[in-house]
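Before any comments, here is the structure.
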Amino acid sequence: MARWAVSIPFTWIISGVAVGIGILQLVFHAAIYQHFDSTLSLSYDSVFAQHHWFAALTSVLLPARALHILIVVPIILIVLGTAERMMGTWRTAVTYVLVAVLGGGLGLLLQGIGLWLGLVAAEQIRSHATIDPLISVVGTIMAASAFAGPLLRRRIRVLGFAVLLMFVLYSGMPVDLYRFLAAVVGLVLGIVLWVLRPATRRARAEAAAAAAAAAAAAAVAPAVASQGARQEERGRRVQRRTCRRRRPRAPSAACAEAPIASSGLCSPPLWPSPPSAR
């Protein structure tokens, strides 16, 4: 437990910020609610009309209401903590910020396109204030899925997008759109971070071992080739010697050709040879 707590420092920072702002909301009540909704929340009017360009980032750092910390903080500790353990602290911090900014920016872009097309729904939600830390949490865990195993990766992506699409289709609030777009951005960002990740110590050791084996094979190859050539030449010499020993003697010149045999030079004698003494 202590090792797990030490391994997620960024998660503790985000949780502490959410708890601190929740306590402030409990103390100041309506005054701070109004300030947060008008200054730190994300909406089309707050960004383009009031020029609160920081709203995409500040809207993911605090809960909408004080009692929301009872639900938000455990989710942050579990989900964001798991992502930080899979990706590392600095990747989690970078991903947390990027998915908030890019996801919110894409959501505002879609709202702007809807206003340009004259959609009634886009006109109705243009001033809707959004404050939700889960936007970045969802995007970060989607990015961390690239660092998980095949089975866990499929579960995170399939279940995550199924739930997010359900909220987008059946609720249709701006916060649901921001969460879905943050998940898409996190998915792409996670793949990029996975490709650009530095080689681990084990991977470097395996690469060094493979290079050493290749160098050893290249050094031994000439010796093996020369040894094989010597053995082949030795085999050829033995074969030539064997052929010379087994080669039959050539017949005499007098009996080599048939015409000479017919002339009587090689005709049998007129009288039989005496029997050999036994």
Side-chain angles (χ1 to χ4, degrees), residues 10-26 32-47 50 52-84 92-93 95-111 121-122 124-144 156 159-187 189:
F10 181 75
T11 302
W12 287 113
I13 293 174
I14 298 300
S15 301
V17 171
V19 171
I21 295 176
I23 294 174
L24 291 176
Q25 291 175 342
L26 285 174
I32 200 167
Y33 285 154
Q34 185 178 1
H35 176 71
F36 286 165
D37 289 341
S38 62
T39 306
L40 303 180
S41 63
L42 177 64
S43 66
Y44 187 87
D45 288 341
S46 67
V47 174
Q50 302 176 12
H52 295 165
W53 306 107
F54 51 84
L57 184 58
T58 57
S59 62
V60 300
L61 296 177
L62 60 151
R65 294 294 182 266
L67 295 180
H68 288 182
I69 62 175
L70 299 177
I71 300 175
V72 171
V73 172
I75 295 176
I76 292 175
L77 290 176
I78 296 173
V79 180
L80 189 61
T82 302
E84 186 172 0
T92 304
T95 304
Y96 191 90
V97 174
L98 287 180
V99 296
V101 175
L102 296 178
L106 290 176
L108 296 178
L109 177 62
L110 292 179
Q111 291 184 36
Q124 291 175 350
I125 64 174
R126 63 177 301 168
S127 60
H128 189 277
T130 298
I131 296 177
D132 186 21
L134 297 183
I135 295 174
S136 288
V137 173
V138 169
T140 305
I141 192 61
M142 284 298 174
I156 292 174
L159 295 178
F161 277 109
V163 174
L164 293 173
L165 281 175
M166 179 185 68
F167 278 100
V168 170
L169 296 176
Y170 292 97
S171 178
M173 300 301 293
V175 64
D176 302 318
L177 179 62
Y178 297 148
R179 290 172 187 166
F180 179 78
L181 294 175
V184 174
V185 173
L187 181 64
L189 186 60

Considering all heavy atoms, the nearest Phe10-Glu84 contact: N-OE2, 3.1 Å

Leu61 side, atom CG; Ile131 side, atom CD1 - distance, nearest 0.5 Å: 10.5 Å

Ala18 versus Val73, closest heavy-atom pair with distance: CB-CG2, 4.4 Å

Shortest non-hydrogen separation from His128 to Ser43 and the atoms involved: O-CB, 3.1 Å

Smallest separation among heavy atoms of Ser41 and Ala55, with atom names: O-CB, 3.2 Å

Atom pair CD1/CD1 of Ile69 and Ile76 - distance to nearest 0.5 Å: 10.0 Å

Val72 versus Pro133, closest heavy-atom pair with distance: CG1-CG, 3.9 Å

His68 side, atom NE2; Asp132 side, atom CG - distance, nearest 0.5 Å: 9.5 Å

Full working for side chain to side chain contact (heavy atoms under 4.5 Å, CB included) between Tyr178 and Val138: CA-CA 10 Å; Tyr178 297 148; Val138 169; over 6 Å; no

Name of the residue among Thr140, Ile14, Val97 meeting side chain to side chain contact (heavy atoms under 4.5 Å, CB included) with Thr92: Thr140

Pairwise distance CG(Leu80) to OG1(Thr95) - rounded to 0.5 angstrom: 10.0 Å

Pair Leu77-Thr11, side chain to side chain contact (heavy atoms under 4.5 Å, CB included): steps then yes or no: CA-CA 6 Å; Leu77 290 176; Thr11 302; 4.1 Å; yes

Derivation of the side chain to side chain contact (heavy atoms under 4.5 Å, CB included) call for Val60 and Tyr96: CA-CA 9 Å; Val60 300; Tyr96 191 90; 4.1 Å; yes

Ser59 and its side chain to side chain contact (heavy atoms under 4.5 Å, CB included) partner, picked from Leu42, Thr130, Leu40: Leu42

Interatomic distance, Leu108 atom CG to Leu177 atom CG [nearest 0.5 angstrom]: 9.0 Å

Inter-residue atom distance Met173.CE - Arg179.CZ, 0.5 Å rounding: 10.5 Å

Heavy atoms of other groups near Phe161 CZ, more than 12 under 6.0 Å: yes

Test log, rule side chain to side chain contact (heavy atoms under 4.5 Å, CB included), inputs Leu181 and Leu110: CA-CA 10 Å; Leu181 294 175; Leu110 292 179; 4.0 Å; yes

Nearest non-hydrogen partners of Ser127 and Asp45, listed with the distance: CB-OD2, 3.3 Å

